[in-house]
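Every chain is numbered from 1 and lettered A, B, ... according to where its sequence line falls, protein lines coming before strand lines.
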Amino acid sequence: MNDRSEHPAASPSGVRLIASADTWIEGEALRQLEQTAALPGMRAAVGLPDLHPGKGYPIGAAFLSERIYPALVGNDIGCGMALWQTDLATRKLKPERAVARLQGLEGPWNGDLDAWRGEQDLESTDFDSALGTIGGGNHFAELQTVAEILDRDAFSALDLDAEQLLLLVHSGSRGLGESILRTLIEQQGHQGLDPASDAAQAYLARHDRALDWAKANRRLIAARLLDALGAEAEPRLDVWHNLVHPLDWSGERLWLHRKGAAPADQGPLVIPGSRGTLSYLVQPSPDCDASLRSLAHGAGRKWKRGEARGRLSARQRPDDLLTTALGGRVVCEDKELLYDEAPEAYKGIDRVVADLVEAGLCHIIATLRPALTYKVRRPAHKQPGHRKPQRRRA
DNA sequence: ATGTCC
């Protein structure tokens with residue numbers, strides 16, 4: 001491991017990068033990591049091996065601070081990864097049939113939303129109609145098969161069945177988190193908040209609601225997808241990788257910000273690769289203080305959004321991207337998104353996870369293979385029959 | 001990332 005700095009507690013800048021020399025980290029991401037680590041009240045910063053540039057602040061990083069920085073959590077408050085054990089036998093999966101059945105997951109759910117919110121103990125928001133929708137960007141719902149089991153005891157302890165499909169859902173708080181951050185920035189700017197201030201308390205209350213909303217969203221996404229497939233499933237894990245929460249650290253109360261950083265203190269979790277590579281079910285090590293109790297949340301982007309189409313379209317047609325090197329099927333009728341989320345746009349997950357293992361932060365329970373990755377059907381404005389608003393003539 | 005929005 002190429003540990004380029006001291007332990008956070010001992011380093012003057014408090015910055016630690018967990019990445020081997022073989023893991024490429026963009027210079028802009030390192031600059032963002034250093035700049036963020038220099039904000040007032042910041043005590044420690046950790047870049048995970050999936051570190052890549054974000055909008056001002058890096059993604060794939062954890063920050064420990066005396067103050068609360070909402071902009072550091074970002075707009076997708078509560079985004080995370082949840083795993084279900086389905087009752088679908090892997091050998092019985094007919095991908096083309098499953099693809100055909102997965103329709104209409106983009107629009108509002110047509111079930112009894114008020115009753116469902118009641119069961120989930122979820123308050124009503126202006127974004128109820130978005131509950132149960134995956135969204136864009138890197139969000140997805142994916143059926144996976146178990147490729148290899150490396151820690152049979154841990155695998156069994158999770159009550160997983162290697163002969164049945166798993167469902168992994170990556171989504172967040174949709175427009176709700178975005179509205180919370182936008183309002184906060186309008187009122188407070190990018191400054192850190194004193195945790196005792198009214199502004200901080202108001203933000204935290206809304207933030208915590210967005211966490212619940214995002215988790216419920218993943219649950220409803222799974223329920224809708226399973227319903228479409230005629231399957232049932234049981235939840236196995238659900239972790240947030242965008243949030244801020246208080247942490248007692250060496251006798252002090254500080255605030256841990258995770259921005260695209262998975263928790264290492266809440267049991268096993270899935271670190272997904274791209275849709276064309278394996279994902280990893282890992283067991284965090286008991287002591288992950290060196291990484292601020294955090295792990296990588298995925299492979300990390302190699303190419304910026306919007307760059308992939310230009311880089312790939314000469315050698316790969318859109319149809320080529322609907323099946324992957326591992327034999328998986330992809331449902332994504334948004335062409336730009338199809339390219340943006342191509343496996344080539346991401347770093348290699350094998351190296352990212354190896355960096356974590358070599359740093360002593362986790363071990364691998366099992367590898368998972370994508371069978372069907374659901375992103376999005378055709379965007380509404382490109383649906384057949386959609387009329388473009390006519391530009392008014394002078 | 002985003003009831004993005006040409």
(Q) When you measure from the side-chain N and O atoms of A:Arg182 to the phosphate of B:dT2, is any distance below 4.0 Å, counting only OP1 and OP2? (A) no

Q: Answer yes or no for A:Arg275 and A:Phe140: cation-pi contact, defined as NZ/CZ to six-membered ring centre under 6.0 Å and angle to ring axis within 45°.
A: no

Q: Quickly work out the A:Glu178 CD to B:dC5 C1' distance and round it to whole Å.
A: 14 Å

(Q) Checking side-chain hydrogen bond (donor to acceptor under 3.5 Å, both in side chains) between A:Glu344 and each of A:Arg315, A:Lys302, A:Gln316, which is the one that passes? (A) A:Gln316

Q: Could you tell me whether A:Gly172 contacts a base, only the sugar-phosphate backbone, or nothing, with contacts defined as non-hydrogen atoms closer than 4.0 Å?
A: nothing

Q. Within this structure, what is the NZ-to-P distance between A:Lys55 and B:dT4, rounded to whole angstrom?
A. 15 Å

Q. Taking CD from A:Glu106 and P from B:dG3, how many angstroms apart are they, rounded to a whole number?
A. 13 Å

(Q) At 4.0 Å (heavy atoms only), tell me whether A:Asp126 reaches a base, stays on the sugar-phosphate, or touches nothing. (A) base

**Q.** Spacing between A:Leu181 atom CG and B:dT4 atom C1', to the nearest angstrom
**A.** 15 Å

Q | Spacing between A:Ile59 atom CD1 and B:dT2 atom P, to the nearest angstrom | A | 12 Å

Q: Can you tell me the distance, in whole Å, between the CG atom of A:Asp76 and the P atom of B:dT2?
A: 6 Å

(Q) Distance alone, cut at 3.5 Å: any donor-acceptor contact between the side chains of A:Asn242 and A:His297? (A) no

Q: Using whole Å, report how far CD of A:Glu336 lies from C1' of B:dT2.
A: 16 Å

**Q.** Reference residue A:Arg301; test side-chain hydrogen bond (donor to acceptor under 3.5 Å, both in side chains); the match among A:Glu307, A:Glu26, A:Glu341
**A.** A:Glu341

Q) Roughly how many Å is it from NZ in A:Lys335 to C1' in B:dC5, rounded to a whole number? A) 18 Å

Q) With sugar-phosphate meaning primed atoms plus P, OP1 and OP2, does A:Gly74 contact a base, only sugar-phosphate, or nothing at under 4.0 Å between heavy atoms? A) nothing

